[in-house]
Structure formats: structure tokens, C-alpha cells
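First the structure, in the form of C-alpha cells, and then the observations on it.
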Amino acid sequence: MSRENDGFVYHRGLLQAVLDVVYRVVNFFVRWDHLPTLLGSANLSVFRERLREHNLHHAGYGTAPPGWKTGNDRWRSADGSFNSLDHPRMGMAGARFGRNFPLPECVPDSGDNLLEPSPRVISQVLLARDTFIPATSLNLLAAAWIQFETHNWFSHGLPRPENAFKIPLEPGDTWPDPVDGCMQIRRTVPDNTPREPWLGATPTFCNINSHWWDAGQIYGSNRERQMEIRSKADGKIKVGDDGMLPPDPDHQGADLTGFNDNWWVGLSLLHNLFAREHNVICDGLKTRYPSWNDEELFQRARLINAALIAKIHTIEWTPGILGHPALDFGMHANWSGIPNRVLRAVLGKNSEAAYGIIGSPTDQHSAPYAMTEEFTAVYRLHPLIPDDVDLRRLDVAGVEHCKLVDMQGGASRKFMKSHGFVNLLYSFGTVHPGAIRLHNYPNFLRQFTKEGQPLLDMAAIDIMRDRERGVPRYNRFRELVGKKRVRTFEEITSIPGAAKKMRAIYKGDVDRVDLMVGLLAEDLPDGFGFSDTAFRIFILMASRRLKSDRFFTDDYRAEVYTDFGLDWVQNNGMKSVLLRHVPQLGPALEGVNNAFAPWNVLRS
Amino acid sequence: MALIITIPGLVRLAIVSDPDELRRVNDAAVVARPLSGRGGLFNRSVAAKLAVFRTPDGDIWPAFRDRHDPLRAEHQKDLEGVLSHIEPLLQRIAPEIAELSNYVGGGRLRRSLGVVVQQAVGRLFRPGYVASEESYEAARTLQAWLAAWPLRAWWIRYSGALQAALDRIEAVSERDMACAHATALAMENIVKSIELMRELALQGGNLAKIDPKDAMLRTLRAPAHVVREARDGDFVDLIRLRSRTLVLLAVETAHQQRASDPGSAFFAGSWNECPAHGLVPALLSKVWQVAKDQAQGGA
């Protein structure tokens, strides 16, 4: 509607308008997840259109216009610039996060309200893990996967020490690193770029990674990093003699890859797996296009690998964690459309529903593409991480009990070496992650040592991050994604005792409940691994990552990907990737339909 | 005590007119300036009316900026600094003050009162400001837009009058948003004050009897209403504000209860204190003083 969204305007079609009214009536009586599969899936599509119209807000680019480089038209630039040829800054590394809500709704509380109630108390009373609650429909690779993916999409950068929040500690709190009776939490790296006057009171922050779904976690978000990870021969990624990624000389214990912050063995498994996949794709391309040079091979392989990762996320990981038939149907439709000839004939070639988002026309809807602060907020899924992991070996029965804290940070590579890539993959496939619920936040992360940082209570930090970035608290967040506000704590949760504890902490004011607390407390639809409220942002942004990206839409064609590349994406999935690079996993994966579901335990 | 009106789907409204309550509600953390339009059709229509007060590139008029907006605080401080040089500013608009004084003293104006006031106000911000019947008409259109019932509001918008008025006000203000606000919306309170002064002056020789400060206190008019929104539910004293309640601060009614305190018309001491809180009373006093001097000189 205004220049705020850089001129992007949402255009609603007649069919969408009619469906919107129909489903408003339907949802008055029946929730979407209680509808039959097809109707439920159509309901999700109506939600998505509503969200596309009302829940995309531009916060400015915050970056200087990038310079043109050869190949920007044909493949992904290292920093994500020129994905949109008309708006080259859109989604590039360093550009600001957008918003899912009108900017005046995204204003942090002022003064003392910002620290109320104490995030440390919330961490202790509502989040701390008493006993591990497993997510039994998933394996631990699913937990590693989402971190692998979020490292592709966003990072606010490493907080700096100046001007930290000081959270007063309650009497009896045994926090080991108090400063003047307070726990300190460093602030998010500020955005020091010039502010547009229309931003109002909304704070802005920059994403140091490219916003696009471009596998930037593997390939980096700038040209220098990209060149560091490349072997500079046949387009391949640098690997050691043992086939594993080499160490990063600047980051002890981490592999040399595109983005290796918060490194642990789970990430290393996936980075190694998809580095191998990249190199195999390069071999395939080289065979078919022997005249291509290193750059051409690398960039084409990157396009193919990134699309394969996006496909795995869309039709395997997502239905894995959100196990609802309507969603399963919807995610497959997102990728490849509904395979119905009549529907395709009626809706036409450009229809997302009929042919899928992939290959459909690019559309930014009502705002320039950017990851949003609200998206980062709903992806705070630390409860997925267990404190302890039972490791198995393919060749020997029995388990080895390990602490996850011993397989992260500086110890990661050593742990990988001592336990082996194959056995660790097998182990991750056979153990469960944590359920995304209250009282299930990993305790080692609540007292976590990270290089160059003070002692961290990640649970308290998660709470503060949403507050300082102006992400609305839970009840207003619900309202802004199109759900009713709740009036009582009991309406949020049926977890025994949780409502009472929340009432005490929030002094009876349900509007003050922090977003993350509400999301973790909320009762879930059947089969869901996280809350329906978080899912609303997901409905919007999961499609947007594809629909806004030229390389998944207008340029998802053989001239860009090659026929070999399109076939590769079409014919592969997580299971085939695993089996290609680790064929020993065959028996463990036999009969397993979704590689993120628990695998067969071969020797108990 | 505040008046709360809730009709589901239509309106969720709190009208606050007690001076102390008004101040506390205005300062409450849950009460914000930007309106979401949620809470009912009436809330939506009011939000839609205020949403137009933006420049073509999306910049927000200063009176509609949120409390925590760093630019608001910065602009407010800067403007207050400029408007605190009262004597030189009054000197700058001496011709307009003379016209207004003549009118207060019973004389006739060669142009409409609104134009004179608009020019006086505009020149406080921009020395070269030139008001005209057209610019004042634009201001009247914007005021009418805010007060209009739905059908008239629809007509004002769809006839193009609203956009034309915004364009004209912004053009004569040379894109100075504070000037635009003052010459389009805030000036009307001064027009009312001058009209009241004239009535006061023409009754039984009041011009000679009443001193300027007293005249100013009797005639100073505040905005009738200022709108806010309670984003989340909370209690402010005994007032229960449900989430998305449109809060109508009846500033003029509250001011009438504290007429001896001109600051109450300007939210003096609050985060949203009007930068002209010293200048407007001084301007009104000056108008009365000059009118008085003219009357005595004439006699």
C-alpha cells in the first residue's frame, strides 16, 4: 500500500477472496486440523494467502547496492544479491530482517518492563528440563537438520560485550557467574545503518547470512568464504584424504564450511554429507559437460544441491515434525503440485496448487523478501537437543552413553574422529530428540560455555532476544497471526501445573506471557511437533522461501540447472543421499519411509 | 471515571476525561499512539483515518509517532528548542498578530480568520510560509476528514479531496512535517481561541478590564480528543483496558477542569508534550495585549 514495502502490493484473486470468506465461516465451527485431509489442506492455503496479504512487512534493506558480477544472472551470487534482478539488495547478506507484523506492533517494552518477569526465573521454573521428554516420532538428525537449515537462513552475529542487559538474580539463585548480583546478557549486534524515518520505533537488525534458501551454510555468504571452502578443481568442495571436511583454522573444533557457528557433531554430520553430495553432483556435471570450468561446475552444483536440500526440508523434514495428513499433502503440493489432470487443466500452469511453487512465477507478494524476526523467534527449538545421547555402532551391539556437551564446540572434530562418521550417523538416526515443550530445555545449554562469550543461560537469552527485538509477546502474537487471544493460562496449556506456574510468574497477566513460553506451553494439534501458533508463521515463510526465489521459480529450468540437475533434484531425497554416501546404513534405513523418523536398531 | 463502551465487532472504546486519569492513561506502558484498527469497525475506521497522515515516502507526521520512536524524541527536542525563542518568533509574526488583535478588538479581517492563523502558525516554522484560502480549505478538509461520519469520510476520500488537501498542506509546508501538522490540525484550536477572545473582548469592556494572561487562560482551547490504543490488556488505576481498546483522551474536557493550568492543554511534562506549550499561550496573550493597546490607543 505504500512505499514502505518498496512498492510491492498483494493482489488477491477472486477465488482466494471467496475461499477466504468460506473458510472464515468453516473455521468458526471447525479448526483446520479437524477437517478432512483435502479440506484441511485447502484451509492451510487460505491461511497462507491471508498471511501473504497482511503479514509481510519491509524494514528497509540497510545495505548499499551491490556490484554486478559475471554469472549473477545464471547462478546464485555468494552473498545472495541479484537473486531479484530488479531489487538486487533483496535478501542479500547484511540486509535487514523483515517483519511479519505491522511495524508499530514490533516495538520492545521500555525500561524495566523489558526485563519483567525475569528471564532467569522463567528459565529455572518453566524451561529447565526435569526429565527428558523425547519426541518419539523423530530421530536426532531432525534436530541437527533444523539447525543446519537455520544456519542457512539467518544469523544476527556474535553479540558484543558493550551495554549488556543486567538481569537481577533471585535470592538463592546459584548462577555461577554473577556480576553485581546480576546475570548479564549481551545485546544483539545493533544495526548501525541509517534508519528510514518510516521505521518508527521498530528496532532493526541485520542478517549476516544471505536470507535465501541457497545452502549458504555450506557455501558461505561471501565470496571470500566461498573461495576458502573450494578445492578449486572440478567445482568441488575441499575435503581431506579421509573424505571429511578439513578443520577451520580460525574456529577450533569446527569444520571448514560456509557457516560454522555453534558447531557440534550433528552439524558436522550434515555438512559432511552434503559436501559429499556436492562433489558427486560435480562429477555428474563434469561427465556431461566436460568443457565447463571449475567456477561453472561449482555454481551449477550449488544450485542443484541447494534445491535438493530445500526439497528434503519441504517434503521430508516438515511432514516428519508436523505429522498431520493435511500438512503432508500440502507440503508435497507446495513442491510439485497436486497431480490431478482436471485440477491442472482448470487452474493452469502458473497455479501453485496445481503445479507446485517450484517452477511457478516468482512473487514477493506484499513486501520484498527477507527473513523476519518473527521467523527466527518461532525457530527457537532448543528443546530438541537432548542432554545425553546413546551412541551405537553398526558392527557392535550395545550403547555408549555420552553427554552432548562433549560433542560440541572445540571437542566436535575430535569426537567425530573417535566415533566415526558412519556410526554417528547411525546413532543419530536411532535416538530421539527432545519434544518441543515446557520443562524440556537442555540443561547444559542453561549453563553453557562458549568461546569468547561469558557463561550463557541460553534459555534466558532466548527469552530476552524476542523481547529486545520487539517480537510481540505470546497473546498479541496469536492475534496478529489470525488466532484468538486467550484469556486464561488454562486456555494456553494443559501441561500439569504449568498454568499455575505461569500465572505466578506473570502475575496473573496472560498478555505478558513471553512468546517462547507460550509456544512451548501451547497444546498441540494431533501429530504436531510444535505449536499451531508458530506454525502460522511457518505456513507463510516456508512457501515464501521458495516463491520469492528466482532460482526456485522463474529460473528453475534446464537452462539454469541443466536437465541432469533437474533430474537429480527430482529423483533424490534424504534417504538416497544417505545411502549414496554411507551405503552401510542400508539395513538401518530399510522400511523407513522418512529419514527423519527413527531408524531400525540393528543390534540392541 | 472513564467511560467504557464495548460492543463486540463494532467498538471497543474508553473515553477518559478526568485530568489525572488522562495523564496516567497517556503514560501507561500498554497505551500506544499507533492504532492497529483492531477491536471493532469503529476502531478500524478511526485507525484508517489516522493512517493517511504520512508523506508519500511513508514518513509519519510527528504527532502520530510512537512514544519510543527515536525520531519523535529527537524532533520534539529540536522543535522545542526552536519554539522556545518566544520573543523573536512573536516578532516574526507581528503583522499577523496585529491582524488578529484587530479582529479580537472588533475589527474586520480582509481575509478569513483561519488564513491569518494558519499563516501565523506556518511562519513560526518557516519564515516564508504563505497561507491562502486554498491552504486553509485544505486544512479544513483534513479536520473534516477526522471528524466525518462514514459516508462523508468516504466522499472526502474518493472525491480526491483528501489527497489534494494532504498534497497542498505538504507543499506549502515545504515537506516540514511539524509545520504541516501545526498548519493543518493544531491551528484550529488557535482559531477557536481567537474567536473566544473576540467574544470575550466584545462583552462589557472586558478588553480593558482583563489582563492578557487571564484572557489567555479563559480562551485557550485544547484538542477535543486525542486517540491512543491499548495494545494489551491492563489496569490503569481502576480503569480496565482490554486489549485493542481505542482510548479517547478528552483533552479539552480535562483542560476545562484545570483551566488555570495551560500546560494541561499541551500534555506538559509528559512524553508527548507539545513543543509549542510555551509559545501558544504567549501568542494568545500577545494578541490580547496588542488588541488592548490598540483599543486604548484608539480611545
Side-chain angles (χ1 to χ4, degrees), chain A residues 1-7 28 54 57-60 101-116 190-191 194-204 367 468 470 472-480 482-488 506-514, chain B residues 8-9 12 27-39 43-44 47-48 50-76 163 166 175-178 228-236 240-245 271-272:
Chain A
M1 50 135 309
S2 73
R3 303 272 171 86
E4 284 164 77
N5 281 352
D6 204 20
F28 189 78
H54 300 293
H57 297 272
H58 184 44
F101 304 136
L103 300 188
E105 299 288 345
C106 304
V107 177
D109 290 334
S110 57
D112 292 345
N113 281 338
L114 191 64
L115 305 183
E116 280 295 322
D191 169 15
R195 279 175 68 82
E196 289 82 353
W198 45 261
L199 285 168
T202 306
T204 56
E468 70 162 324
R473 295 201 186 205
Y474 174 71
N475 221 2
R476 190 142 50 87
F477 193 99
R478 278 179 68 100
E479 182 187 40
L480 292 166
K483 289 166 67 92
K484 277 187 181 169
R485 283 186 180 237
V486 291
R487 293 180 182 176
T488 65
Y506 291 102
K507 299 190 174 110
D509 187 350
V510 76
D511 284 346
R512 297 290 293 165
V513 172
D514 284 284
Chain B
R12 196 177 293 173
D27 289 341
V30 294
V31 177
R33 239 180 191 173
L35 306 185
S36 68
R38 291 168 185 269
N43 302 40
R44 185 184 297 185
L50 296 194
V52 304
F53 291 101
R54 290 190 164 222
T55 62
D57 59 3
D59 197 358
I60 310 160
W61 284 32
F64 303 107
R65 283 191 174 276
D66 199 4
R67 181 187 320 189
H68 305 299
D69 184 339
L71 276 182
R72 181 200 62 77
E74 196 181 302
H75 287 170
Q76 189 178 25
Q163 195 53 53
L166 283 165
R175 321 279 284 180
D176 177 336
M177 292 300 106
R228 300 277 187 268
E229 180 182 286
R231 282 201 294 222
D232 294 317
D234 202 359
F235 281 90
V236 180
R240 185 193 170 205
L241 295 174
R242 290 180 58 202
S243 61
R244 304 303 182 185
T245 299
W271 62 271
N272 55 330

(message) Between A:Gly200, A:Pro203, A:Pro104, A:Pro472, who has the most heavy-atom pairs with chain B when the cutoff is under 4.5 Å?
(response) A:Gly200

(message) Please verify the inter-ring angle class for B:Phe64 with B:Phe53; under 30° counts as parallel, over 60° as perpendicular, anything in between as tilted.
(response) parallel

(request) Considering only heavy atoms and a distance below 4.5 Å, find which of A:Arg512, A:Glu105, A:Arg473, A:Glu479 pairs most often with chain B. (result) A:Glu479

(message) Is A:Arg195 close to chain B through its backbone or its side chain, or both, or neither, when contacts mean heavy atoms under 4.5 Å?
(response) side chain

(request) Tell me, for B:Arg244 versus chain A, whether the close heavy atoms (under 4.5 Å) come from the side chain, the backbone, both or neither. (result) side chain

(request) Identify which part of B:Arg72 has an atom lying under 4.5 Å from any heavy atom of chain A, answering side chain, backbone, both or neither. (result) neither

(request) Look at B:Arg231, B:Arg33, B:Arg65 and state which one has the largest set of heavy-atom pairs under 4.5 Å with chain A. (result) B:Arg231

(message) Does A:Leu103 form a side chain to side chain contact (heavy atoms under 4.5 Å, CB included) with A:Leu199? I'd like the steps, not just the answer.
(response) CA-CA 7 Å; A:Leu103 300 188; A:Leu199 285 168; 3.9 Å; yes

(request) Against chain B, label A:Arg485 side chain, backbone, both or neither, depending on which of its atoms sit under 4.5 Å from a heavy atom there. (result) side chain

(message) Ignoring hydrogens, what is the shortest heavy-atom contact between B:Ile60 and A:Pro197? Give both atom names and the distance.
(response) CD1-O, 4.4 Å

(request) With a 4.5 angstrom heavy-atom cut-off, could you sort out which part of A:Leu480 is near chain B: side chain, backbone, both or neither? (result) both

(message) Please classify the contact of B:Asp59 with chain A as side chain, backbone, both or neither, using a heavy-atom distance under 4.5 Å.
(response) both

